[in-house]
Amino acid sequence: MSPTPYELIGGEMALRSLVDRFYFYMDILPEAQGIRAMHAPSLSTAKDKLFKFFSGWLGGPNLFIEEFGHPMLRARHFPFPIGESERDQWMLCMNKALDEIETDPRLRENIRTALQQLATHMINQEATGS
């Protein structure tokens with residue numbers, strides 16, 4: 001049986017590191033302050049949920065589903081106005097975090113591509129005219 005992306009990326013420790021770095025960037029990057037403002041002052045709950053979601057999403061333990069049920073990501077994010085700017089802010093932080101993970105470059109790019117598609121799927125606001 002082939003190893004899962006969860007195993008290939010390094011399991012729990014690597015995934016926790018990825019999530020920690022993601023929220024570190026969200027917290028410090030001026031370009032990410034729009035999405036940072038959507039979060040609670042403490043990011044601990046968000047970190048825990050993202051780690052648990054990623055665990056199952058990447059083929060590891062289904063921690064999120066066991067605790068919270070089906071992710072229903074669009075429904076869970078619908079209370080937050082998410083447009084292209086918010087998607088791009090999220091991806092900026094995630095791309096920086098992914099760049100720090102020591103893993104196969106193809107795996108990193110596959111995860112990056114899948115997360116870009118997922119982040120685009122979260123958009124719930126019409127683009128405003130330019």
A.B. asks: Does L43 reach the side chain of R36, with side-chain heavy atoms less than 4.5 Å apart?
C.D. replies: yes
A.B. asks: Between S17 and M13, is there a donor-acceptor pair closer than 3.5 Å when you use the side chain of the first and the backbone of the second?
C.D. replies: no
A.B. asks: Any Lys/Arg nitrogen of K52 or D48 sitting under 4.0 Å from an Asp/Glu carboxylate oxygen of the other?
C.D. replies: yes
A.B. asks: Should L92 and L118 be counted in the same cluster of Ile, Leu, Val, Met, Phe, Trp and Tyr side chains packed under 4.5 Å apart?
C.D. replies: no
A.B. asks: Between the side chain of R21 and the main-chain N/O of L98, is any donor-acceptor distance below 3.5 Å?
C.D. replies: no
A.B. asks: Can you tell which of I101, D20, L58, L50 makes a side-chain contact (heavy atoms from CB on, under 4.5 Å) with L15?
C.D. replies: L58
A.B. asks: First locate atom CD1 of I9, then atom CD of E102, and finally report the distance between them rounded to the nearest 0.5 Å.
C.D. replies: 12.0 Å
A.B. asks: Using 0.5 Å steps for rounding, measure from the CD1 atom of I28 to the CD atom of Q33.
C.D. replies: 9.5 Å
A.B. asks: Given the ring of F78, does R74 sit roughly above its face, with NZ or CZ under 6.0 Å from the centre of the six-membered ring and within 45° of the axis?
C.D. replies: no
A.B. asks: Write down the atom of Y25, the atom of C93, and the distance for their closest heavy-atom approach.
C.D. replies: C-SG, 3.9 Å
A.B. asks: When you compare the side chain of Q89 with that of S85, does any pair of heavy atoms fall below 4.5 Å?
C.D. replies: yes
A.B. asks: Spell out, as yes or no, whether a donor-acceptor pair under 3.5 Å connects the side chain of S55 to the backbone of P61.
C.D. replies: yes
A.B. asks: Any idea which heavy atoms bring S44 and S42 closest together, and the distance?
C.D. replies: OG-OG, 3.0 Å
A.B. asks: Search all heavy atoms of I65 against all heavy atoms of P71 and return the closest pair with its distance.
C.D. replies: CG1-CD, 3.9 Å
A.B. asks: Working to the nearest 0.5 Å, report the span between CD of E126 and CD of E84.
C.D. replies: 10.0 Å
A.B. asks: Are the side chains of L115 and M91 in touch, meaning some heavy atoms are under 4.5 Å apart?
C.D. replies: yes
A.B. asks: Output yes when a side-chain donor or acceptor of N124 lies under 3.5 Å from a complementary backbone atom of I82, and no otherwise.
C.D. replies: yes
A.B. asks: Is the shortest side-chain N to carboxylate O distance from E109 to R112 below 4.0 Å?
C.D. replies: yes
A.B. asks: Under 4.5 Å between side-chain heavy atoms, counting indirect links through other Ile/Leu/Val/Met/Phe/Trp/Tyr residues: same cluster for I35 and F80 or not?
C.D. replies: yes
A.B. asks: Looking at Q125, I want to see if its CD is surrounded by more than 12 non-hydrogen atoms of other residues, nucleotides or ligands under 6.0 Å.
C.D. replies: yes
A.B. asks: Taking H77 for its side chain and L73 for its backbone only, find out whether a donor-acceptor pair lies under 3.5 Å.
C.D. replies: yes
A.B. asks: Do L63 and L18 belong to the same hydrophobic cluster, where Ile, Leu, Val, Met, Phe, Trp and Tyr are linked whenever their side-chain heavy atoms lie under 4.5 Å apart, directly or via other members?
C.D. replies: yes
A.B. asks: Any ion pair linking R16 and E12 (charged N to carboxylate O, less than 4.0 Å)?
C.D. replies: yes
A.B. asks: Given the rule that I, L, V, M, F, W and Y join up when any side-chain heavy atoms are under 4.5 Å apart, are F51 and L8 in one cluster?
C.D. replies: yes
A.B. asks: Kindly assign one of parallel, tilted or perpendicular to the pair W57 and F53, based on the angle between their ring planes and the thresholds 30° and 60°.
C.D. replies: parallel
A.B. asks: Tell me, please, whether F22 has K96 positioned over its six-membered ring: NZ or CZ under 6.0 Å from the ring centre and within 45 degrees of its axis?
C.D. replies: no
A.B. asks: Quick check: closest heavy atoms across R87 and I123, and the distance to 0.1 Å?
C.D. replies: NH1-CD1, 3.8 Å
A.B. asks: Report yes or no: do M38 and Y23 belong to one cluster of Ile/Leu/Val/Met/Phe/Trp/Tyr joined by side chain heavy-atom distances under 4.5 Å?
C.D. replies: yes
A.B. asks: I'd like to know if the side chain of E7 reaches the main chain of T4, judged simply by a donor and an acceptor atom lying under 3.5 Å from each other, with no hydrogens or angles considered.
C.D. replies: yes
A.B. asks: Judged by atom type as modelled, is there a donor-acceptor pair below 3.5 Å linking the side chain of E67 to the main-chain atoms of F64?
C.D. replies: no
